[in-house]
Structure formats: C-alpha cells, structure tokens
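Scroll down for the structure; my scribbles are underneath it.
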Amino acid sequence: MPALGSAASSAPSAESRRISDDVAQARHTALSALNNDRFRVMLEQITDPSASGALMTMRGDTAAGASTDFKSAQSSYADNSE
C-alpha cells in the first residue's frame, strides 16, 4: 500500500513541473515575439482602427473595391480546409 501513496504524491510534482515548463516556454515565446520587428509591424497594422475594422467585418480596402461577404468567406474556408 505505501507504494501506491508514493506514486500518488509524485504525480502532482510531475504535473507542477510540466506546468512550470509550459509557462516558461510561453513566456519565452511571448518575449521573442515582442522583440521580433516583423511581428511588431504586423501588430501595429492590425491594431490600426481602420485595419482592425476591415478585419472584423472581413472586408478588404473599400477604396480598392474589394469586399467579402460571409457566404463567400465560408465557401473559401470550406474549400481550403478539405
């Protein structure tokens, strides 16, 4: 019976270690992204109010005459996911 208790007490430690490793990896990835110039430029572009509005409504630049309706986007998504 003591072996069973021993195995149970080591499981939370292994799980805690895995979670700690995952958090450390996520932190490293986030810092890497923040220091990446291409990521920074992309983030600036999508946080621009006019760009984020177009992204949210799935519309292209209306000055260029591009637009996408929901059914077209859904159809394209279905075609590309097959």
Side-chain angles (χ1 to χ4, degrees):
M1 195 75 165
L4 191 60
S6 169
S9 66
S10 67
S13 176
E15 181 69 9
S16 295
R17 191 168 39 254
R18 185 191 63 77
I19 291 170
S20 179
D21 290 346
D22 288 350
V23 169
Q25 182 61 40
R27 182 177 290 121
H28 178 271
T29 301
L31 287 173
S32 177
L34 289 174
N35 293 320
N36 183 309
D37 286 335
R38 286 177 33 198
F39 180 80
R40 180 187 50 77
V41 169
M42 183 272 311
L43 192 59
E44 288 173 359
Q45 289 174 349
I46 65 170
T47 56
D48 175 46
S50 62
S52 63
L55 288 171
M56 291 299 291
T57 58
M58 296 179 67
R59 288 184 288 132
D61 184 6
T62 54
S67 66
T68 303
D69 62 276
F70 179 74
K71 287 192 184 263
S72 297
Q74 189 177 29
S75 175
S76 293
Y77 182 77
D79 291 344
N80 290 326
S81 63
E82 290 178 350

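Both backbone and side-chain heavy atoms feed into the values below; hydrogens, waters and symmetry mates do not.
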[X]: partners by side chain to side chain contact (heavy atoms under 4.5 Å, CB included), with sequence neighbours left out:
X	value
Val23	Ile19, Arg27
Arg18	Glu15, Asp22
Gln25	His28, Thr29

Where at least one partner belongs to residues 29-44, residue pairs that pass salt bridge (Lys or Arg N to Asp or Glu O under 4.0 Å), sequence neighbours excluded: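 Non-adjacent pairs meeting salt bridge (Lys or Arg N to Asp or Glu O under 4.0 Å): Asp37-Arg40, Arg40-Glu44.
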Could you list who else is in Val41's hydrophobic cluster, with ILVMFWY side chains joined at under 4.5 Å, directly or through other members?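 Grouped by the 4.5 Å side-chain rule, Val41 forms a cluster of one, so the answer is none.
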Members other than Leu31 in its cluster, when Ile, Leu, Val, Met, Phe, Trp, Tyr link by side-chain heavy atoms under 4.5 Å?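 Besides Leu31, the cluster holds no residue at all.
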